[in-house]
Amino acid sequence: LKNRLLQLITNMLESGGGSSSRAKLLLSSIRNKEIGLTRHFVQNLQCPKPLFTSKVTAENFSFWSCPELEIARQLTIMDFEKFKNIKATECLNQAWSKANRTKLAPNIVNMIDQFNRVSSWVQYTILTEREINKRAAMYK
């Protein structure tokens with residue numbers, strides 16, 4: 001079956017049909033699997049120690065008490081947790097913008113939703129600050 005599929009893909013590429021880019025992608029994917037190439041993520045890395053000096057909870061968290069580098073680290077960790085789940089097929093034909101996007105590209109939709117939540121949080125944090133100098137400092 002695999003040989004027949006490879007022959008079909010090769011024929012598509014030789015004929016120069018309209019789906020040659022997809023055929024190349026499929027052929028590349030099959031060949032990578034044959035030689036054992038897969039998508040790997042590095043795991044068990046030592047993360048840097050948090051920059052907090054005190055125990056922070058949701059109740060006592062303050063934007064001003066958190067070093068900006070730590071915010072960047074935590075946002076990166078959150079984003080990577082979403083990003084690592086995205087499958088290549090979710091990126092095809094802008095699947096995330098279709099009516100059935102949650103079925104076609106659930107992980108991209110999750111990442112977009114997270115981006116929107118973080119953007120709203122940043123907006124809220126800036127706009128609810130009463131002191132104009134602190135608001136300006138947040139904006140920088």
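Fair warning: this is a prediction, and the values are worked out from it, not measured in the lab. One is the number of the first residue; the rest follow in order along the sequence.
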Do side-chain atoms of [X] reach the backbone of [Y] as a donor and acceptor pair under 3.5 angstrom?
X: Gln114; Y: Lys82; value: no
X: Glu90; Y: Ile108; value: yes
X: Lys87; Y: Asn107; value: no
X: Arg135; Y: Leu127; value: yes
X: Glu70; Y: Pro67; value: no

Side-chain heavy atoms of Phe83 within contact of Met111, under 4.5 Å: yes

_Any heavy-atom pair between the side chains of Leu75 and Val118 that's under 4.5 Å?_
yes

If you group Ile, Leu, Val, Met, Phe, Trp and Tyr by side-chain heavy-atom gaps below 4.5 Å, do Ile86 and Leu104 land in one group?
no

Exercise. Establish whether Phe115 and Val109 are linked, either directly or via other cluster members, by ILVMFWY side-chain heavy-atom contacts under 4.5 Å.
Key: no

Between the CD atom in Gln74 and the CE atom in Met78, the distance rounded to the nearest 0.5 Å is 8.5 Å

CH2 (Trp96) and OG1 (Thr102) are apart, to the nearest 0.5 Å, by 15.0 Å

